[in-house]
S.K.: 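Below you'll find the structure I mean.
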Amino acid sequence: MATLSHIIEHARLAARSVVEYGEGLINPTVRLGITGLSRAGKTVFITALVHGLVRNGRFPVFDALSEGRIVRARLVPQPDDAVPRFDYESHVQALVADRVWPESTRQISELRLVIEYQSRSGGMRELVLDMVDYPGEWLLDLPLLEKSFEAWSAETVEMSRRGPRAPLAKAWLAHLATLDMAGPADESAAIEAARLFTQYLSACRNGRYALSLLPPGRFLMPGDLGGSPALTFAPLEVVPDRTPPRGSLWAMMRRRYEAYKDVVVRPFFRDHFARLDRQIVLIDTLAAFNAGPEAVRDLQEAFRSLLDCFEIGRRTFLSSLLRPRADRILFAATKADHLHHLSHDRLEAILRRMVDRAIARADVAGAAVDVIALAAVRATREAEVRRGGATLPCILGVPATGAHSGSDNRKDLSGQMFDGMTEVAVFPGELPVDPDTLFAQGAVPFRGLAATTADEADFRFVRFRPPPLETTGDGVPALPHIRLDRALQFLIGDRLT
Ligand SMILES: Nc1nc2c(ncn2[C@@H]2O[C@H](COP(=O)(O)OP(=O)(O)OP(=O)(O)O)[C@@H](O)[C@H]2O)c(=O)[nH]1
Ligand SMILES: [Mg+2]
């Protein structure tokens with residue numbers, strides 16, 4: 001049912017799209033959504049893409065560039081005055097000069113790039129490319145928009161009692177058992193519940209477990225809302241179809257959950273998601289492989305519930321709010337440089353299997369969809385290493401020490417110490433040929449860090465340092481990558497003809 005706030009929301013969106021449509025006629029604009037969970041590689045992707053475009057990187061499959069039709073690409077002031085600018089210069093400084101990865105993103109930011117090009121018919125044209133970067137944790141909130149406090153509570157509590165989550169949830173669940181939901185609202189109980197619940201979420205996210213389904217996103221990345229009542233709630237064991245007694249702890253938690261959705265979640269998705277023309281969805285499958293089969297399935301579940309929210313044609317507030325105007329969606333498995341190229345096709349097949357439902361729906365809606373394994377920045381080289389009688393397809397790179405990036409919870413996954421200078425050869429493991437073996441109920445297709453030690457685990461994805469620049473054929477120093485140009489061609493190639 002449409003409530004007043006929904007109608008106002010619609011009117012606001014409609015008014016904005018008329019204005020943006022008008023601007024788009026004068027300056028053709030692509031608003032590119034770079035979507036992904038935390039640590040998926042969004043910030044690195046934007047930085048590498050812009051770096052390649054403004055410096056004529058090595059993009060042979062990106063037609064406009066390889067045909068010599070791009071005159072130049074330059075950064076210009078962004079359209080939204082209230083959003084911080086994406087700190088491109090610092091990220092490039094980190095990546096290229098210092099050879100360290102950028103920090104985790106804590107706030108939303110935006111960047112506008114103008115590409116001056118020659119059309120195939122010879123005329124000079126400009127394409128405006130807008131990109132938005134945000135903390136990946138926030139994406140997890142999308143499915144909450146359609147969930148009541150009671151439904152979310154039931155689901156969260158149930159999930160916390162299963163699999164690798166159970167031991168991590170112990171302290172929070174013990175506290176939960178002491179709470180009297182129907183009793184008077186008690187602020188100190190709410191604060192303690194929120195604290196223990198947040199602790200549980202961050203333990204799940206830890207690289208050893210690498211679980212993905214962890215809403216609400218601001219609990220892990222509060223932005224400027226840390227400590228506010230909208231973030232001081234936690235799930236309760238409540239009865240789904242009842243209403244809470246007035247003045248009870250239950251009523252207070254429920255009100256704060258709704259406030260969180262109204263004040264935090266809805267504006268973020270309205271101002272960011274509802275305006276996208278094209279989407280690239282970045283997915284780090286390899287961190288999940290490191291952790292184990294539970295993490296791989298958890299990642300698939302997270303994306304299922306997320307992408308279900310993009311459902312097209314369903315007449316709900318959410319679907320109209322988020323209906324992708326996006327006519328192109330690219331699903332990308334990131335950090336493919338951690339694998340020998342022999343495994344890249346397997347990685348694509350696994351990703352395709354993970355997002356199969358979304359692909360089917362987008363197809364029905366007439367959006368173009370593709371799946372790709374890429375590395376926005378290729379930090380490794382390949383080598384064959386002979387061991388015993390066999391030849392192993394290995395990768396060579398300089399493992400990061402991890403010390404420079406304290407906020408990265410996935411550091412030192414191998415449990416080994418590296419000096420950050422010496423190149424090593426790593427046999428990362430081989431991905432399964434048939435993705436179905438990974439997702440079969442109850443299957444234990446391989447061993448990960450959640451269940452065993454680094455020596456015993458079947459995969460080994462070490463965090464490598466960013467590479468030095470490589471010089472292209474025409475003497476331009478560029479960042480090496482894997483298939484970044486193919487991604488660009490799919491995302492904006494048709495707008496540069
Ligand atoms: N080897 C390699 N590592 C990458 C690549 N992209 C990202 N990484 C690694 O993944 C980490 C996370 O990348 P980010 O771009 O910061 O991820 P994000 O999606 O912006 O993460 P949040 O800001 O936390 O949401 C980096 O610190 C790198 O260790 C890549 O192309 N190749
Ligand atoms: Mg980031």
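We count ligands from 1, going down the list as the structure has it; atoms in each ligand are counted the same way. The chain is numbered in sequence order, starting from 1.
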S.K.: Below a 4.0 angstrom heavy-atom separation, can you tell me which part of R378, side chain or backbone, both or neither, approaches ligand 1?
M.R.: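 Answer for R378: neither.
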S.K.: How does T43 reach ligand 1, by side chain, by backbone, by both or by neither, if only non-hydrogen atoms under 4.0 Å count?
M.R.: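 For T43, the contact with ligand 1 is made by both the backbone and the side chain.
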S.K.: Under 3.5 Å, sequence neighbours excluded: what are the donor-acceptor pairs made by side chains of residues 475-484?
M.R.:
unit_1	atom_1	unit_2	atom_2	d
H481	ND1	L484	N	3.1
H481	NE2	R58	O	2.7
R483	NH1	E348	OE2	2.5

S.K.: Under 4.0 Å from any heavy atom of R463, which atoms of ligand 1 are there?
M.R.: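 Those qualifying, in numeric order: 27 (O), 29 (O).
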S.K.: Any heavy-atom pair between the side chains of Q489 and D63 that's under 4.5 Å?
M.R.: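 D63 reaches Q489 side chain to side chain.
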S.K.: Checking the N or O distance criterion of under 3.5 Å, is ligand 1 in contact with D133?
M.R.: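 Between D133 and ligand 1 (N or O atoms, distance only) the closest approach is not under 3.5 Å.
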S.K.: Which atoms from ligand 1 have a heavy atom of A375 less than 4.0 Å away?
M.R.: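 It comes down to these atoms of ligand 1: 31 (O).
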S.K.: Classify the ring geometry of W172 against F197: parallel below 30°, tilted from 30° to 60°, perpendicular beyond 60°.
M.R.: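 W172 vs F197 ring planes: tilted.
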S.K.: I want to confirm something. Looking only at heavy atoms, which of I46, V462, V44 is nearest to atom 15 (O) of ligand 1?
M.R.: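 Heavy atom nearest to atom 15 (O) of ligand 1 belongs to V44.
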S.K.: Looking at non-hydrogen atoms alone, which of F464, W101, Y134 comes nearest to atom 28 (C) of ligand 1?
M.R.: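 Nearest option to atom 28 (C) of ligand 1, by heavy atoms: W101.
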S.K.: Let me have the donor-acceptor pairs involving side chains of residues 351-358, under 3.5 Å, with sequence neighbours excluded, atom names and distances please.
M.R.:
unit_1	atom_1	unit_2	atom_2	d
R353	NE	D436	OD1	2.6
D356	OD1	R304	NH2	3.2
R357	NH2	D308	OD1	3.4
R357	NH2	D308	OD2	2.5

S.K.: Do you know how many protein N, O or S atoms are within a distance smaller than 2.8 Å of the Mg ion (ligand 2)?
M.R.: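 There are 2 of them.
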S.K.: Which of these, G397, S38, G41, A379, has its nearest heavy atom closest to atom 17 (O) of ligand 1?
M.R.: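 Closest candidate by heavy-atom distance is G41.
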S.K.: Tell me, which pairs form a salt bridge (charged side-chain N to carboxylate O under 4.0 Å, His left out) where one or both residues lie in residues 40-57, sequence neighbours left out?
M.R.: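 Output for this query is empty, none listed.
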S.K.: Is M221 touching ligand 1 with its side chain, its backbone, both, or neither, if touching means heavy atoms under 4.0 Å apart?
M.R.: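 It is neither part, as no heavy atom is under 4.0 Å.
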S.K.: Can you confirm whether F269 sits close enough to L142 that some side-chain heavy atom of one is under 4.5 Å from a side-chain heavy atom of the other?
M.R.: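 They are in contact (side-chain heavy atoms under 4.5 Å apart), so the answer is yes.
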